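Below is one structure, written out as structure tokens, with a few remarks after it.
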Amino acid sequence: MQMGIEEHPLKPFVPEHAKTLMLGSFPPSRKRWSIEFFYPNLQNDMWRVFGLLFVGDKDALVDRGNKRFRKEEIEALLIRLGIAIYDTAVKVVRTKGTAADNDLEIVEETDLEALLARMEECRTIVCTGGKSAEVCAKKMEVEVPKVGGSVEGKIGGRKIVLWRMPSTSRAYPMKIEKKAEMYKLALMAK
């Protein structure tokens with residue numbers, strides 16, 4: 001069942017002095033959102049991974065009573081850490097109506113050079129799944145790194161370290177603690 005073209009509903013989140021750009025593929029459909037921000041699905045563990053890594057508690061960024069994530073605290077943490085967030089696609093077709101990478105047909109990729117131009121200090125891209133890693137690796141003309149690994153390349157003449165992390169979707173069969181260990185490699189690398 002072919003669906004219509006969807007445009008990205010969010011603007012890039014780019015804190016001043018961002019040194020890391022985290023890229024997913026595309027947000028889930030709005031019916032799955034708990035907040036107006038990236039990784040909004042309560043069934044996605046991204047903000048639990050961040051809670052575990054940077055606050056010491058996987059539920060620190062979860063508002064259980066209201067069944068949502070704590071957007072303001074997440075944004076403040078990302079600003080403090082110098083982490084920007086966006087996705088590798090600005091227009092997609094959901095071939096099966098899901099947010100799964102395999103069900104997304106990218107109609108228009110994000111202009112990564114333009115996005116990076118807004119982040120002079122950025123030298124690291126952290127891809128949060130396979131499709132985003134494929135898009136970035138193709139743009140950088142490098143091999144797609146294995147999950148948990150990195151490669152060096154260039155975008156727009158700038159040297160970039162490209163990391164490929166596991167998906168934080170619960171559909172990806174890996175314990176949250178193991179995902180957090182892998183994300184720590186990229187997000188805390190100096």
Side-chain angles (χ1 to χ4, degrees), residues 10 12-13 15 18-29 32-64 67-89 92 98-104 110 122-137 140 142-152 160-190:
L10 298 169
F13 179 80
K19 291 179 172 53
T20 300
L21 172 59
M22 205 164 74
L23 291 169
S25 47
F26 200 79
S29 58
R32 304 245 184 256
W33 290 29
S34 72
I35 56 172
E36 287 281 322
F37 199 64
F38 298 89
Y39 307 96
N41 187 340
L42 270 176
Q43 298 307 307
N44 188 294
D45 283 329
M46 181 60 73
W47 304 125
R48 290 176 185 87
V49 165
F50 268 71
L52 204 54
L53 287 178
F54 300 107
V55 187
D57 175 5
K58 71 178 183 178
D59 292 322
L61 301 172
V62 181
D63 179 349
R64 288 181 180 268
K67 296 182 180 175
R68 63 186 176 111
F69 292 112
R70 299 179 187 279
K71 180 183 176 206
E72 293 77 20
E73 291 173 39
I74 291 166
E75 288 179 336
L77 178 62
L78 293 170
I79 290 166
R80 183 173 60 83
L81 296 170
I83 298 174
I85 299 184
Y86 199 54
D87 291 307
T88 53
V92 301
T98 75
D101 278 359
N102 292 341
D103 298 339
L104 290 178
T110 297
C122 182
R123 298 292 182 269
T124 305
I125 293 177
V126 177
C127 292
T128 65
K131 188 171 279 296
S132 60
E134 290 168 16
V135 169
C136 288
M140 295 171 72
V142 296
E143 292 291 319
V144 177
K146 64 182 181 179
V147 176
S150 66
V151 295
E152 289 188 23
I160 296 286
V161 176
L162 174 66
W163 288 86
R164 179 182 176 191
M165 294 292 106
S167 169
T168 51
S169 165
R170 293 197 183 158
Y172 190 84
M174 183 184 285
K175 290 186 180 208
I176 188 172
E177 294 80 9
K178 179 67 175 168
K179 289 179 185 182
E181 283 176 32
M182 294 178 113
Y183 274 82
K184 183 177 182 179
L185 294 172
L187 297 174
M188 295 180 167
K190 298 292 175 211

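Since this is a predicted model, take the numbers as computed values, not measurements.
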Is any side-chain heavy atom of Asp57 closer than 4.5 Å to one of Leu52? no
Contact check, side chains of Asn102 and Leu104, non-hydrogen atoms, under 4.5 Å: no
Heavy-atom closest contact (Ile85 atom, Tyr39 atom, distance): CG2-CE1, 4.2 Å
CD (Gln43) and CZ (Arg170) are apart, to the nearest 0.5 Å, by 4.5 Å
Shortest non-hydrogen pair, Lys179 vs Tyr172, comes out as NZ-O, 3.4 Å
Supply the atom-to-atom distance Lys71 NZ to Glu75 CD, rounded to the nearest 0.5 angstrom. 4.5 Å
Using side-chain heavy atoms (C-beta onward) and a distance below 4.5 Å, is Phe50 in contact with Leu77? yes
Test side-chain hydrogen bond (donor to acceptor under 3.5 Å, both in side chains) on Ser25 and Asp87 and set out the steps. CA-CA 5 Å; Ser25 47; Asp87 291 307; 5.7 Å; no
Verify, without hydrogens or angle tests, whether Thr124 (side chain) and Leu21 (backbone) share a donor-acceptor contact under 3.5 angstrom. no
Counting only heavy atoms not in Glu152, do more than 12 sit closer than 6.0 Å to its CD atom? no
Distance-only, no hydrogens or angles: does the Tyr183 side chain make a donor-acceptor pair with backbone N or O of Met188 under 3.5 Å? no
The test is side-chain contact (heavy atoms from CB on, under 4.5 Å); show your working for Arg123 and Val161 and say whether it passes. CA-CA 6 Å; Arg123 298 292 182 269; Val161 176; over 6 Å; no
Counting distance only, does the side-chain N/O of Arg70 pair as donor-acceptor with the main-chain N or O of Val62 below 3.5 Å? yes
Taking CZ in Arg32 as the centre, count heavy atoms belonging to other residues, nucleotides or ligands within less than 6.0 Å. Is the count above 12? no
Spatial distance of atom CD (Glu181) from atom NZ (Lys178) [nearest 0.5 Å]: 5.0 Å
Out of curiosity, Leu42 CG to Arg64 CZ, how far, rounded to the nearest 0.5 Å? 10.0 Å
Min side-chain heavy-atom separation Met174-Pro166 under 4.5 Å: yes
For the student: nearest non-hydrogen atoms of Ala180 and Leu53, plus distance: O-CD2, 3.5 Å
Is any side-chain heavy atom of Leu162 closer than 4.5 Å to a side-chain heavy atom of Pro145? yes
Show your working on side-chain contact (heavy atoms from CB on, under 4.5 Å) between Trp163 and Ile125 and close with a plain yes or no. CA-CA 6 Å; Trp163 288 86; Ile125 293 177; over 6 Å; no
Looking at Asp45, Asn44, Thr128, which one forms a side chain to side chain donor-acceptor pair (under 3.5 Å) with Thr168? Asn44
Shortest non-hydrogen pair, Glu134 vs Val144, comes out as CA-CG2, 3.9 Å
Please tell me whether Phe37 and Phe13 form a close aromatic pair, meaning their ring centres lie under 6.0 Å apart. yes
Mind checking whether Leu81 and Phe54 have side chains closer than 4.5 Å, heavy atoms only? yes
Approximate separation, where rounding is to 0.5 Å, of Asn41 CG and Arg68 CZ: 15.5 Å
Which residues share a salt bridge (Lys or Arg N to Asp or Glu O under 4.0 Å) with Arg80, sequence neighbours left out: none
Over all heavy atoms of both residues, which pair between Cys127 and Cys136 is shortest? Give the atoms and the distance, please. SG-SG, 3.6 Å
side-chain contact (heavy atoms from CB on, under 4.5 Å) between Thr20 and Leu187, intermediate numbers included: CA-CA 8 Å; Thr20 300; Leu187 297 174; 4.3 Å; yes
Can you name the closest pair of heavy atoms from Arg48 and Ile176 and give their distance? CB-CD1, 3.3 Å
Heavy atoms of other groups near Lys58 NZ, more than 12 under 6.0 Å: no
Full working for side-chain contact (heavy atoms from CB on, under 4.5 Å) between Phe69 and Met46: CA-CA 10 Å; Phe69 292 112; Met46 181 60 73; over 6 Å; no
